[in-house]
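Quantities reported herein were computed from a predicted structural model and do not represent experimental measurements. By convention in this document, chain letters (A, B, ...) are assigned in the order of the sequence lines, proteins followed by strands, and residues within each chain are numbered from 1.
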Amino acid sequence: MKTICLYFQVHQPWRLKTYRFFNMGKDHNYLDDLTNRAIMQKVARQCYLPMNALLLKLIKENKGKFRCSFSLTGTVVEQFKAYAPEVLNSFKALADTGCVEFLAETYSHSLASLASKDDFVEQVKLHTAMIKKEFGQKPTAFRNTELIYSDDIGAMVADMGFKVMLAEGAKHVLGWKSPDFVYTNAIDQKLRLLLRNYKLSDDIAFRFSNQSWNEYPLTADKYASWLEGETGEVINLFMDYETFGEHQKASTGILDFMKALPKAILKSGDMEFATVSETAEKHQPIAVLHCPHVMSWADEERDITAWLGNELQNEAFTKLYALKDKIKALKNKDFDYVWNFMQTSDHFYYMATKWLSDGDVHSYFNPYGSSYEAFINYMNVLSDFEIEVDKALAAKKSRKKVKTA
Amino acid sequence: MRVLMFGWEFPPHIAGGLGTACYGMTRGLARNGVDVTFVMPHASGDEDQRFVHVVNASDIEAVYGKVDGGMDDIMDKISFIHIDSNMVPYISPEEYREYHDEFVKSGKKVWETKDIWSQRYTFSGKYGANLMEEVARYAIVAAQVARELEGQFDVIHAHDWLTYFAGIAAKRVSGKPLVVHMHATEYDRSGENINTQTYAIERAGMQAADKVIAVSNLTRRTIIEKYGIPADKVVTVHNAVRFAEGDDSAPEERGVKDKIVTFLGRITYQKGPDYFVEAAAKVLKRVPNVRFVMAGSGDMMNHVIRRVARLGIADRFHFTGFLRGEDVHKMFRLSDVYIMPSVSEPFGISPLEAMRSNVPVIISKQSGVAEVLDYAIKVDYWDVDAMADAIYGLITYPALSHMFAKKGLEEVTGLKWNNAAAKIKAIYQEVIDKNQNN
């Protein structure tokens, strides 16, 4: 029996407003509320609400045979609460069916796994608590921001008690091996790995509406026959949830495709759906995956240069995490809130200067005119935040002195 | 005495350095009893098919809004003529071409030039396809103007190379002497990789002229050495500065407590932004409570941002992008030190504006303005250590910065256009006398 593992990533960053040098020291509202709300409500209307309704219907129709997994970042859940509470409720309804698994990840969709173990663990704890609170599940499977993975990151994840982790089925790591089996981490072999089949995932996520693609139009039956033809034991289809209705608009027929897909897959009887944890349980690991260097699911290179590939990004990243100890010492919710949204990887993505093969994807997601503008704006906000942090720390210290005196 | 002047539009309509200088100079001349017929390019758009408009001073008021300080006192001394053209000062042939191509392609008509002043730039199909063609066309219309004004002027004065052909044409038609004014040379704009066409026009203008005015001794030397103009024909008249009536020195409410060191200008090779960054890194190693601001934009901006990131000082080094209008003054008022590390600067009026806002300034020895200022710290643009030292001194020792701020304000208040205009008037007199004796 071949297992189809469908997993959707749900994320929206808190976008920063244009924050100029003149604002520094005077204005501490960093977010572009209007844009954040407009985008959230648009995506809710085009994707989250119709897709959640569709999945709920599919789960009910197939009586438990259709199953899938999600990860929702902390920032997107914050935005649901602020701008589209009905979306959060529809996710809760999905959770209640028992056919949907929610994965753990970093709270802010951050790059903390590349900063330090402490930062990473803290971000994951925060996220796990949020999932528990909102959906009543304690996650046992983990997916890192943008599928960033290496042997060491896997070991940290295993240390935190997770049993499964997702990673990219990157060619430069797999070589001749197939992504369609369960693997284990090289350092801690208790951690099972599910690897994304990027060819079949991207057929839906990127190529579905491409009319110059020789397989256009893609039907559910045709796609099911491709899955049938794969030789492995599991097929991991991981993609952005926004693919459905947002990146690929409803007019492309993507929702109809999704509606027809479960039936087409279940028809033959030798394929089944399972959530991430179920998939990893059902199949024995076939080999150890060696991945000494960090990889991700982004861009042609499948590495982390989209976020930490130039001096701008490195500088912003270093300056951000240099604040960590101060934030910890402050123990103040308002500051934690800013600290969290400043960590979101999207801010670093906007600063990328690699515009060749993946320029289209980069500019699609980028609200800034150039990477330099993105950098300047981010650093202005960060500088003001640092000033405020220092002020608050000084105030706290002087209060302490008064108390002890 | 009556002068036919080929100049550039006045602020606030156009706030470039050239327009500002023309305005101050014209006022100064009027005060000195010189009648000025001021001819300037003015893009009117497609609707209006006339090439020349005679505009009187009261209309200028209306067109441009309130010119700061008002012109009531000198209105009867100045008359204006618009020649329909889309030339703006400082535009390079390459930029002009870019705008023109884009205009042909998309029909986009209004541009903002890429320098700090972000001038509006209007395009219309009736203008020349490239800048050189436009310069030539402008000269033909200028000759027409000179012929119609026959007997109404004694001397011709042309500003910047774009109007030199117009000046030469007017001289040929009228037989009156020509004075050309070099506000910048092609070497200042482009370093050693000069545009030879521009160079040729500058040289032709100076050769045809009876006298050449340079804005600094630095520029005068360039003219003599690189253009081969006889030394006795080139005279230096330093620019002056005219300030709005409003009080610029009122302190701005500050957001940050740190000292602020400001660079304001186009971020191009000529302005030396690189040296400022290196000096900033050195200062930051010693004193933490200082922030550096680079205001403006330009072709080196991205390079500078990368350098700042690589030096790891991006949390203390800020970029504002280009500033306009009130923001420029706000930036000056927020500053504790102003720095102009120009590699080559014919004059450089911005330090004077900073001094006017009570800000001590550091300027490079390679700037024309260094010749007229005593109360400014002068360093070689390449001497990053000296620059860092000067910044450190000004932000660390209040006595030093107070002295420079106070004396600097006095000094800058003394640089009056009336005096510069008197020198220019004397030059007019000289060429007129010489012309009549021939």
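Taking the charged nitrogens against the carboxylate oxygens, R333(B) and E326(B) do have a contact shorter than 4.0 Å, which makes a salt bridge. A salt bridge between E388(A) and K391(A) is present, with a side-chain N of the basic residue lying under 4.0 Å from a carboxylate O of the acidic one.
Of the two parts of L312(A), the backbone and the side chain both hold a non-hydrogen atom closer than 4.5 Å to a non-hydrogen atom of chain B. With a 4.5 angstrom heavy-atom cutoff, I313(B) touches chain A only via backbone atoms. For a residue to count as touching a neighbouring chain, one of its non-hydrogen atoms must lie under 4.5 Å from one of that chain's; by this rule R291(B) touches chain A with the side chain only. Contacts between V256(B) and chain A at a heavy-atom distance below 4.5 Å involve backbone atoms as well as side-chain atoms. For a residue to count as touching a neighbouring chain, one of its non-hydrogen atoms must lie under 4.5 Å from one of that chain's; by this rule M331(B) touches chain A with backbone and side chain alike. For E386(A), the part lying near chain B is the side chain, with the backbone staying farther off; criterion is any non-hydrogen pair under 4.5 Å.
Of the options D32(A), T35(A), N36(A), a side chain to side chain donor-acceptor pair (under 3.5 Å) to R15(A) is made by N36(A) and by none of the others.
T145(A) and T106(A) share a side-chain donor-acceptor pair at under 3.5 Å.
With D299(B) contributing its side chain and T268(B) its backbone, the two residues share no donor-acceptor pair below 3.5 Å. The backbone N or O of F263(B) lies less than 3.5 Å from no partner atom in the side chain of K271(B), so there is not a single donor-acceptor pair.
Here K319(A) is the residue among E373(A), K319(A), R20(A) with the most heavy-atom pairs under 4.5 Å with chain B. For the set N302(B), T320(B), I305(B), the count of heavy-atom pairs under 4.5 angstrom toward chain A peaks at N302(B).
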